[in-house]
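Quick caveat, the model's predicted, so the values are computed rather than measured. Quick note on labels: first sequence line is chain A, next is B, and so on, each numbered from 1.
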Protein chains: 2
Amino acid sequence: MTKSVALPEACVEALADTMRPDFLKALCDPVRISIVATLAMRTRPATVSEITDCCGIDFSGVSRHLKILKEAGILHSHRDGRRVLYNLDVDALAATLRAMADTLEVCQREAV
Amino acid sequence: MTKSVALPEACVEALADTMRPDFLKALCDPVRISIVATLAMRTRPATVSEITDCCGIDFSGVSRHLKILKEAGILHSHRDGRRVLYNLDVDALAATLRAMADTLEVCQREAV
DNA sequence: CCATTATTTGCACGATTGCGCAAATTTCAT
DNA sequence: ATGAAATTTGCGCAATCGTGCAAATAATGG
């Protein structure tokens, strides 16, 4: 009788769940990276205009980048009057990154 | 006298060091993600031909993807006869991801 | 030396991406 | 209502990217 081991399929699924292309794609652009970094150094949400100051491009481009980050689940936003406030849930993002690390190591340990 | 706090500049630098665009860019393509996942589930290095079986594209494309991952410091390679073996240092990759998570959280805690 | 195997690279093409500008939209103030 | 402020969206353009095919390179075996 063979020893029971985790199925390779479980790793395939776990890796597909944690290494989501849309998540990683959202983080691969220099401007979006600086947006995330900028928001990580704040406790309060920031407006599009404030965020624009940190990236050297037009605010319309910043708006598009924010949309991409939001759709990837990295940022959240809500209206406040005529402003739109964007905020980063740092703990959630950190947890996602650690989940990737954990999954990679678990799969490595179970590897043949 | 004010209490000594970490300079914001330290966070800017730490974030720039950990959230490297070339690293994140290397991980943003679906094929490259599946290459990393494939190698994470192995203990032994794999040849280009073996890796090609896991991605649905031509081996020339796989070779290019491997080059990108290697230049980002994610993969290593060495020749073995006419084969070239690629391997993933899972622990190093996991450490890089956790460093990102740690830096983000540290900067968040020091944020104003 | 020649044929074979494995990988890399040159090239061209189509698709995607990021960008600025201008127009549209939303909300507020007077 | 009218105008101003903040953001989003449409559009076109240049640049980058991923891909397949074919040729070049590297290494082995007969």
Side-chain angles (χ1 to χ4, degrees), chain A residues 15-16 19-39 42 44-89, chain B residues 15-16 19-39 42 44-89:
Chain A
L15 286 166
M19 305 191 68
R20 290 168 27 225
D22 69 311
F23 170 80
L24 290 164
K25 221 157 167 36
L27 287 180
C28 79
D29 178 84
V31 172
R32 291 196 287 271
I33 292 174
S34 74
I35 291 174
V36 169
T38 298
L39 291 175
R42 299 177 54 121
R44 293 278 162 206
T47 66
V48 178
S49 305
E50 288 170 333
I51 297 170
T52 298
D53 296 336
C54 307
C55 349
I57 64 169
D58 193 76
F59 60 89
S60 65
V62 174
S63 177
R64 282 179 229 269
H65 283 303
L66 290 168
K67 184 181 183 182
I68 291 170
L69 288 166
K70 183 179 178 180
E71 285 174 351
I74 297 171
L75 300 184
H76 301 95
S77 71
H78 67 275
R79 270 218 171 257
D80 173 39
R82 26 190 169 190
R83 318 248 172 129
V84 177
L85 298 175
Y86 282 88
N87 71 294
L88 170 66
D89 185 345
Chain B
L15 286 166
M19 303 191 69
R20 291 169 28 227
D22 69 310
F23 170 79
L24 290 163
K25 221 158 166 36
L27 287 179
C28 78
D29 179 84
V31 172
R32 292 196 288 270
I33 293 174
S34 75
I35 290 174
V36 170
T38 299
L39 291 175
R42 299 178 53 121
R44 295 277 162 208
T47 66
V48 178
S49 305
E50 287 170 333
I51 296 170
T52 298
D53 295 337
C54 306
C55 349
I57 65 169
D58 193 76
F59 59 89
S60 65
V62 174
S63 177
R64 283 179 229 270
H65 283 303
L66 290 169
K67 185 181 184 183
I68 292 170
L69 288 166
K70 184 180 178 180
E71 284 174 351
I74 297 171
L75 299 184
H76 301 95
S77 71
H78 67 275
R79 268 219 172 259
D80 174 39
R82 29 191 169 188
R83 319 251 173 127
V84 176
L85 298 175
Y86 284 87
N87 71 293
L88 169 66
D89 185 344

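The side chain of A:Tyr86 places an N or O atom within less than 4.0 Å of a non-bridging phosphate oxygen (OP1 or OP2) of D:dT8. The phosphate of C:dC19 has OP1 or OP2 within less than 4.0 Å of a side-chain N or O from A:His65. Between A:Lys67 and D:dT9 there is a side-chain N or O to OP1 or OP2 distance below 4.0 Å.
Taking all atoms of both residues into account, the shortest heavy-atom contact from A:Tyr86 to A:Leu39 is O-CD2, 3.9 Å.
Residues A:Val48 and B:Gly81 each lie close to DNA chain D; by heavy-atom proximity, the contact nearer the 5' end of the strand is made by A:Val48. Nearest-nucleotide assignment on DNA chain C puts the 5′-proximal partner with A:Lys25, out of A:Arg82 and A:Lys25.
Atom-to-atom, CG of B:Leu69 to C1' of C:dT8 comes out at 16 Å; the value is rounded to the nearest Å. The nearest whole Å value for the distance from the CG atom in A:Asp58 to the C1' atom in D:dC11 is 14 Å. The distance between atom CG of A:Leu24 and atom P of D:dC17, rounded to the nearest whole Å, is 17 Å. For the pair B:Arg83 CZ and D:dT25 C1', the interatomic distance rounds to 17 Å; values are reported in whole Å. Between B:Leu85 atom CG and D:dA27 atom C1' the separation is 13 Å, expressed in whole Å. At whole-Å resolution of the value, CD1 in A:Ile68 and P in D:dT9 are 12 Å apart.
Between A:Leu75 and A:Asn87 there is no side-chain heavy-atom pair separated by less than 4.5 Å. Using a 4.5 Å heavy-atom cutoff, the side chains of A:Ile57 and A:His65 are in contact.
Scanning atom types as modelled, one donor and one acceptor separated by under 3.5 angstrom connect the side chain of A:Ser60 and the base of C:dC21. The base of C:dT8 lies outside donor-acceptor range of the side chain of B:Arg64, with no N or O pair under 3.5 Å.
A salt bridge (charged side-chain N to carboxylate O under 4.0 Å, His left out) check over residues 45-72 of chain A, counting only residues at least two apart or in different chains, returns the pairs A:Arg42-A:Glu50.
Under the side-chain hydrogen bond (donor to acceptor under 3.5 Å, both in side chains) criterion, A:Arg20 pairs with A:Asp22, sequence neighbours left out.
Heavy atoms of A:Ser49 sit under 4.0 angstrom from primed sugar atoms or phosphate atoms, though from no base atom.
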